[in-house]
Protein chains: 4
Amino acid sequence: MTGADQTPRATPRRPPRKRPDAAARRQAILDAALAVFAEKGFAGARMEDVARRAGTAKGTLYLHFKDKAALFEGLVRTAADPVLGMMEAQVAQFPGSTRDLLVLLFARLHGEIICTPRRHIVRLLIGEGERFPELADFYFRTVVARGQDLLRAINARALARGEITSDAALRFPQLIIGPFLTAVIWIDLFERSEPLDAEAMLAAHIDVVLRGLGWRDEGVGA
Amino acid sequence: MTGADQTPRATPRRPPRKRPDAAARRQAILDAALAVFAEKGFAGARMEDVARRAGTAKGTLYLHFKDKAALFEGLVRTAADPVLGMMEAQVAQFPGSTRDLLVLLFARLHGEIICTPRRHIVRLLIGEGERFPELADFYFRTVVARGQDLLRAINARALARGEITSDAALRFPQLIIGPFLTAVIWIDLFERSEPLDAEAMLAAHIDVVLRGLGWRDEGVGA
Amino acid sequence: MTGADQTPRATPRRPPRKRPDAAARRQAILDAALAVFAEKGFAGARMEDVARRAGTAKGTLYLHFKDKAALFEGLVRTAADPVLGMMEAQVAQFPGSTRDLLVLLFARLHGEIICTPRRHIVRLLIGEGERFPELADFYFRTVVARGQDLLRAINARALARGEITSDAALRFPQLIIGPFLTAVIWIDLFERSEPLDAEAMLAAHIDVVLRGLGWRDEGVGA
Amino acid sequence: MTGADQTPRATPRRPPRKRPDAAARRQAILDAALAVFAEKGFAGARMEDVARRAGTAKGTLYLHFKDKAALFEGLVRTAADPVLGMMEAQVAQFPGSTRDLLVLLFARLHGEIICTPRRHIVRLLIGEGERFPELADFYFRTVVARGQDLLRAINARALARGEITSDAALRFPQLIIGPFLTAVIWIDLFERSEPLDAEAMLAAHIDVVLRGLGWRDEGVGA
DNA sequence: GATGAATGAGCATTCATTCAT
DNA sequence: GATGAATGAATGCTCATTCAT
């Protein structure tokens with residue numbers, strides 16, 4: 001701790017344009033790709049636009065992703081994972097009622113997906129999924145299946161706690177997630193025609209679906 | 001300056017041209033378009049494939065539809081209308097309980113859309129909608145808005161008859177239709193990964209949502 | 001919606017790409033375009049032929065010119081300017097008699113245009129001009145108007161010097177340039193039917209038109 | 001002369017749409033073709049437009065002309081001939097001075113061509129001539145060569161009568177016709193940029209060129 | 001003869017991908 | 001590693017021409 005502390009005191013003659021490390025570069029590309037794919041769809045997106053938006057040259061894209069499809073896959077791969085991971089963690093150790101848990105989770109879905117460019121990924125996948133079967137499979141495994149497990153766990157817990165009586169959503173977790181999907185789609189396609197208060201809708205959904213599953217405020221044992 | 005202007009051109013020939021009336025021809029094109037668009041998406045669909053599948057020459061397509069987008073629009077335009085019309089008629093004069101009505105309608109949606117290539121149209125629209133705002137608007141006006149009116153009418157009737165107590169689905173018809181949308185998407189994207197018994201799911205949905213809206217078997221007056 | 005959007009596309013290869021600088025490339029394209037347009041007319045010219053002749057790929061054309069029309073315009077734009085500039089310079093500082101000046105200028109027109117593929121540009125413009133009004137306007141401004149100014153200046157000088165007495169060609173410079181145009185057209189259309197000694201014709205024209213304007217060898221003051 | 005005279009007293013139930021005989025039909029097609037070709041050029045003209053304008057179906061065009069090129073040729077063939085014939089007749093028996101003859105002929109060229117859609121034919125031929133060598137040859141034989149003969153005859157007569165002294169225009173009839181061509185082109189391309197008083201220009205041309213050829217009012221012998 | 005629906009060759013243009021620099 | 005000029009396969013659309021009616 002004695003000598004000079006000038007460690008990062010480089011000697012840059014030219015503007016200290018620190019070469020962003022590969023990871024940052026890659027993320028910039030993914031961000032750009034999300035924006036462009038979201039606006040134009042997979043086929044309509046031009047690699048050149050992605051490059052320009054990412055602030056790189058076209059060729060650079062190919063240093064990070066084998067081709068356009070790989071870029072799309074990278075997008076899907078990276079976008080959903082963190083949100084889901086966060087939610088899984090929360091469910092695992094949530095102490096409160098299932099209602100509160102659902103409220104929390106839907107708030108997350110709203111804040112992290114519906115209100116975010118990420119929602120486009122959902123729509124993109126719906127649109128292009130059949131053309132990229134492997135991608136759909138990948139998405140199923142890494143996102144959908146995990147989401148289902150999560151919802152099933154929640155339902156199982158609620159049943160076990162006597163909060164609900166129906167196993168309908170255990171058998172069909174789609175009943176829980178359906179309105180969320182609908183909201184995502186609506187925002188992108190019909191918001192202009194008829195605005196949707198997604199937050200209010202999801203709140204109503206929680207009320208309806210919980211009641212529909214036989215909700216009792218305190219659980220049977222309470 | 002698209003297309004050619006060269007001088008000595010083409011020279012048609014052989015196939016014994018018959019003339020099915022224009023309407024039949026048009027329908028054949030629409031059928032072919034549905035198949036091709038469904039498989040490849042809008043951008044991926046080649047007009048030549050549509051033509052071949054319709055049993056016509058490429059040029060013939062353009063006698064019926066101004067361009068590829070118009071063909072897509074024609075598809076959307078013609079596919080949804082009949083189903084919706086049928087459902088509107090049924091709702092207007094349905095004598096029984098709202099539960100029976102919903103069962104009937106979802107059976108129709110299942111039989112006429114989910115089990116039919118028509119379901120692809122829903123998915124296509126979701127995927128391409130943002131790129132064709134007019135088409136999304138058109139779809140909203142001719143399909144979505146009508147569907148919403150229908151669902152609202154059903155909910156209003158159920159409330160009036162004392163069958164349900166919540167107006168949640170009156171405010172958000174999306175709660176009713178959400179699981180149907182989810183089923184449509186699931187079938188196309190994830191059926192291979194995990195089959196879905198859509199019929200059972202929709203039955204469960206009716207149970208849950210009606211109960212969630214405060215269902216009483218006979219209505220208050222019973 | 002022109003052009004394709006398919007997914008797995010092209011795969012360039014072989015030819016050992018060198019990089020002549022952009023200007024040379026552009027000039028090669030213009031040269032090729034002149035040849036092809038001259039032979040086939042605007043509509044009949046195929047971009048592919050231009051590319052092949054320029055030794056580039058089709059796509060390269062579009063790196064230099066927005067579309068076929070822009071290529072045509074580029075042709076017109078670059079071809080006339082140098083010749084005219086040269087002539088303007090000469091007129092501005094020509095010391096000798098107007099007759100000698102005209103002889104010199106027509107010699108230039110003969111050598112630089114009639115005997116050159118550039119003459120095709122004149123003919124092309126005549127043929128396509130009405131279809132490209134902006135191009136005709138551009139040509140008028142950058143070539144025709146300048147040419148007229150030049151001819152008017154010459155006539156004014158000749159009148160001032162007392163070499164001629166008539167202002168007919170001051171009012172109608174077309175009288176001076178008409179036979180040149182006729183020669184250009186003749187060479188392209190009728191040379192095969194009846195050869196024309198353009199040089200001799202233009203010499204005769206100078207004689208006739210100067211005499212017709214009241215030529216006096218030394219000017220009034222002589 | 002006894003019996004009824006009701007020969008053309010057909011029994012038309014439907015509107016007496018007398019079938020225009022083939023010649024009228026053909027002329028209608030040619031008129032339409034002139035209009036369309038003039039506006040769009042050869043390549044840009046669509047047979048369908050010609051048909052619509054002629055009030056016939058597309059197929060009918062092919063009953064009168066083998067193909068598009070034949071239609072174009074028919075146009076050129078029929079348009080120039082009458083004017084030229086008229087002029088030949090006039091020259092053959094014109095009693096007055098050569099100046100008066102030229103005034104008369106240029107008046108005709110102005111009235112029958114410059115002020116008429118026929119002027120477009122001249123321009124079309126210039127533009128497309130190289131692509132239709134046979135047509136250019138045909139035009140040369142039936143129009144240009146005859147025109148030259150006519151001009152040579154006039155010059156020879158004028159020389160013989162001592163009205164002029166130069167044989168320049170005998171050797172190069174183009175000197176006489178050049179400004180007319182220039183006017184035709186100008187009207188189509190540049191009229192918008194700078195209007196041209198073609199009549200005045202041609203009058204000036206006659207003055208200049210006759211004086212340039214050594215004009216003497218009465219001829220030597222007078 | 002007249003019609004116009006059908007045909008399909010032909011071309012302008014785009015854009016994913018490569019690779020010399 | 002980064003660049004972006006060059007490539008050329010791929011496809012939407014046009015329109016001269018035919019021929020069944």
Side-chain angles (χ1 to χ4, degrees), chain A residues 19 22 25 43-49 51 56-64 66-69 71, chain B residues 1-22 25 43-49 51 56-64 66-69, chain C residues 1-22 25 43-49 51 56-64 66-69 71, chain D residues 19 22 25 43-51 56-64 66-69 71:
Chain A
R19 170 183 313 207
R25 188 53 78 94
R46 286 156 60 233
M47 293 299 269
E48 178 152 17
D49 289 342
T56 76
K58 249 184 307 175
T60 307
L61 264 40
Y62 292 85
L63 298 176
H64 294 267
K66 180 177 138 287
D67 58 18
K68 199 185 185 184
L71 176 56
Chain B
M1 213 58 68
T2 311
D5 309 78
Q6 75 290 51
T7 308
R9 204 90 67 79
T11 328
R13 343 60 342 156
R14 288 143 277 173
R17 272 188 276 125
K18 317 154 188 190
R19 245 181 263 178
D21 63 302
R25 193 47 83 95
R46 286 157 60 232
M47 292 300 268
E48 181 154 17
D49 289 342
T56 75
K58 246 182 313 174
T60 306
L61 264 39
Y62 293 86
L63 295 177
H64 293 267
K66 181 177 135 287
D67 57 18
K68 200 184 183 184
Chain C
M1 211 57 65
T2 312
D5 310 77
Q6 72 291 49
T7 308
R9 204 89 68 77
T11 328
R13 7 29 353 156
R14 289 145 280 175
R17 271 190 275 123
K18 317 154 190 192
R19 243 181 264 172
D21 63 302
R25 193 47 84 92
R46 286 157 60 233
M47 291 300 267
E48 180 152 17
D49 289 343
T56 75
K58 248 184 309 175
T60 306
L61 264 41
Y62 292 87
L63 295 177
H64 294 268
K66 183 177 134 286
D67 58 17
K68 200 184 184 184
L71 177 55
Chain D
R19 171 183 312 209
R25 188 54 77 94
R46 286 156 60 234
M47 292 299 269
E48 179 152 18
D49 289 342
V50 175
T56 76
K58 249 183 309 175
T60 307
L61 264 41
Y62 292 86
L63 298 175
H64 294 268
K66 179 177 140 286
D67 58 18
K68 199 185 186 186
L71 177 56

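Owing to the predicted nature of the structure, the values given are computational and were not obtained by experimental measurement. Throughout, protein chains are lettered first and strands after them, A, B, ... in sequence-line order, and every chain is numbered starting at 1.
- Considering all non-hydrogen atoms of both residues, T60(B) and H64(B) come closest at O-CD2, 3.3 Å.
- For A51(C), the side-chain contact (heavy atoms from CB on, under 4.5 Å) partners two or more places apart in sequence, or in a different chain, are T56(C), K58(C), L61(C).
- You won't find any donor-acceptor pair under 3.5 Å spanning the side chain of K58(D) and the base of dT3(E), going by distance alone.
- Between the CG atom of L63(D) and the C1' atom of dG4(E) there is a distance of 13 Å, rounded to whole Å.
- In this structure, CZ in R25(C) is found 9.0 Å from CG in L63(C), a value given to the nearest 0.5 Å.
- Between R25(A) and dT3(F), a side-chain N or O to OP1/OP2 separation shorter than 4.0 Å is present.
- For the pair M47(B) CE and dT13(E) P, the computed distance is 20 Å after rounding to whole Å.
- Residues D67(D) and A57(A) each lie close to DNA chain F; by heavy-atom proximity, the contact nearer the 5' end of the strand is made by A57(A).
- Of the side-chain N and O atoms in H64(D), none sit less than 4.0 angstrom from OP1 or OP2 of dG1(E).
- Heavy atoms of A51(B) sit nowhere under 4.0 angstrom from any nucleic acid atom.
- Separating the OH atom of Y62(B) from the C1' atom of dG10(E) is a distance of 14 Å, rounded to the nearest angstrom.
- Counting only Watson-Crick and G-U wobble pairs whose two key distances fall under 3.5 Å, DNA chain E forms stems of three or more stacked pairs at E:2-21 with F:2-21.
- Separating the CD atom of E48(C) from the P atom of dG8(F) is a distance of 10 Å, rounded to the nearest angstrom.
- Regarding D49(B), its CG atom lies at a distance of 12 Å from the C1' atom of dA10(F), rounded to whole Å.
- Close to dT3(F), at under 4.0 Å from its OP1 or OP2, lies a side-chain N or O of T60(A).
- Nucleotide dT21(E) holds its P atom 14 Å from the CG atom of D21(C), rounded to whole Å.
- R46(B) places its CZ atom 20 Å from the P atom of dT14(E), with the value rounded to the nearest Å.
- Straight-line distance from the CG atom of L61(C) to the P atom of dT13(E): 10 Å, rounded to whole Å.
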